[in-house]
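Read the structure below first, then the notes.
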Protein chains: 2
Amino acid sequence: MATPEHHLFICTNTRPPGNPKGSCGERGAMEIFTAFKARIHARGLQGKLQINSSNCLKPCQWGPNVVQYPEGTWYSGVTLSDIDEILDAAAEGRVVERLRMPPEAEESFPKPPAPQESANS
Amino acid sequence: MATPEHHLFICTNTRPPGNPKGSCGERGAMEIFTAFKARIHARGLQGKLQINSSNCLKPCQWGPNVVQYPEGTWYSGVTLSDIDEILDAAAEGRVVERLRMPPEAEESFPKPPAPQESANS
């Protein structure tokens, strides 16, 4: 298989300044995305790790957010200075615990709709 | 966990008309992305499935491309009429075999750099 072993997605969604939710883009996510690509190339990790930008991943107020698959590891508050640590961990099968998205951020994801009562009950 | 059980990313990268690589955007990927979101909502699958748009996923000439995680299932040539089949399969833990990216598309992904010869050999 030549598909990436580890695939990172960074939210680069941008909202207008002053929006109460804030946004990953407003906190420098596009610059972080560009730096991720450059570091993957500089370190010869292409073919093993791939990074893509994505639209809004949902937990806006904790951004910039990064999700790593197939592990399903969610990072939040990512900065330029965290990039090498995230790449090291991904390549070695570890998680950067200090950057894990906090459990309360999971409230940001959509919830399944409430089950409808059966017409017969 | 409230993070999505299945996370789909659709490439919506657009190149100018006439570019020899073509692009997913040029083949209607943005419309497909919007329709995916609407169908997930209409079918009450939010909380279980999430779809995001991404920048170039790499295998441009096979697009529109969709990758589904954590399974790491790559689909290519996705059209509006494939959306419900992809969502059914994702929710039921199946793969839509007819839409799997062909093996030759994997040549599109970056390869690891060739190992450098040791100075001592």
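Just so it is clear: chains get the letters A, B, ... in the order the sequence lines come, proteins before strands, and each one is counted from 1.
In terms of hydrophobic clustering, with Ile, Leu, Val, Met, Phe, Trp and Tyr side chains grouped at heavy-atom distances under 4.5 Å, A:Tyr69 and A:Leu99 are assigned to different clusters. A:Leu49 and A:Tyr75 fall within a single hydrophobic cluster, where Ile, Leu, Val, Met, Phe, Trp and Tyr are joined by side-chain heavy atoms under 4.5 Å apart, directly or via other members. Residues B:Trp62 and B:Val66 do not share a hydrophobic cluster, defined by chaining ILVMFWY side chains whose heavy atoms lie under 4.5 Å apart. A single hydrophobic cluster is seen to contain both A:Val78 and A:Leu87, as judged by linkage of ILVMFWY side chains at heavy-atom distances under 4.5 Å, directly or through other members. The cluster map of Ile, Leu, Val, Met, Phe, Trp and Tyr, joined by side-chain heavy atoms under 4.5 Å apart, puts A:Leu45 and A:Phe36 in the same cluster.
Counting heavy-atom pairs closer than 4.5 Å to chain B, the top residue among A:Pro110, A:Ala105, A:Pro59, A:Ser108 is A:Pro110. With chain B as partner, the option from A:Lys48, A:Lys58, A:His41 having the largest number of non-hydrogen pairs under 4.5 angstrom is A:Lys58.
Using a 4.5 Å cut-off between heavy atoms, B:Lys111 touches chain A through its backbone atoms (N, CA, C, O) alone.
Heavy-atom neighbours of chain A within the stretch residues 6-35 of chain B, taken at a separation under 4.5 angstrom, comprise B:His7, B:Phe9, B:Phe33.
B:Pro113 and A:Gly44 make their closest contact through CD-O, 3.3 Å (heavy atoms, listed as atom of the first residue, atom of the second, distance). Smallest separation of non-hydrogen atoms from A:Gln50 and B:Leu57: NE2-O, 3.2 Å. When all heavy atoms of B:Phe109 and A:Ala2 are compared, the closest pair comes out as CB-O, 3.2 Å.
Between the OG atom of B:Ser53 and the CG atom of A:Asn52 there is a distance of 10.5 Å, given to the nearest 0.5 Å.
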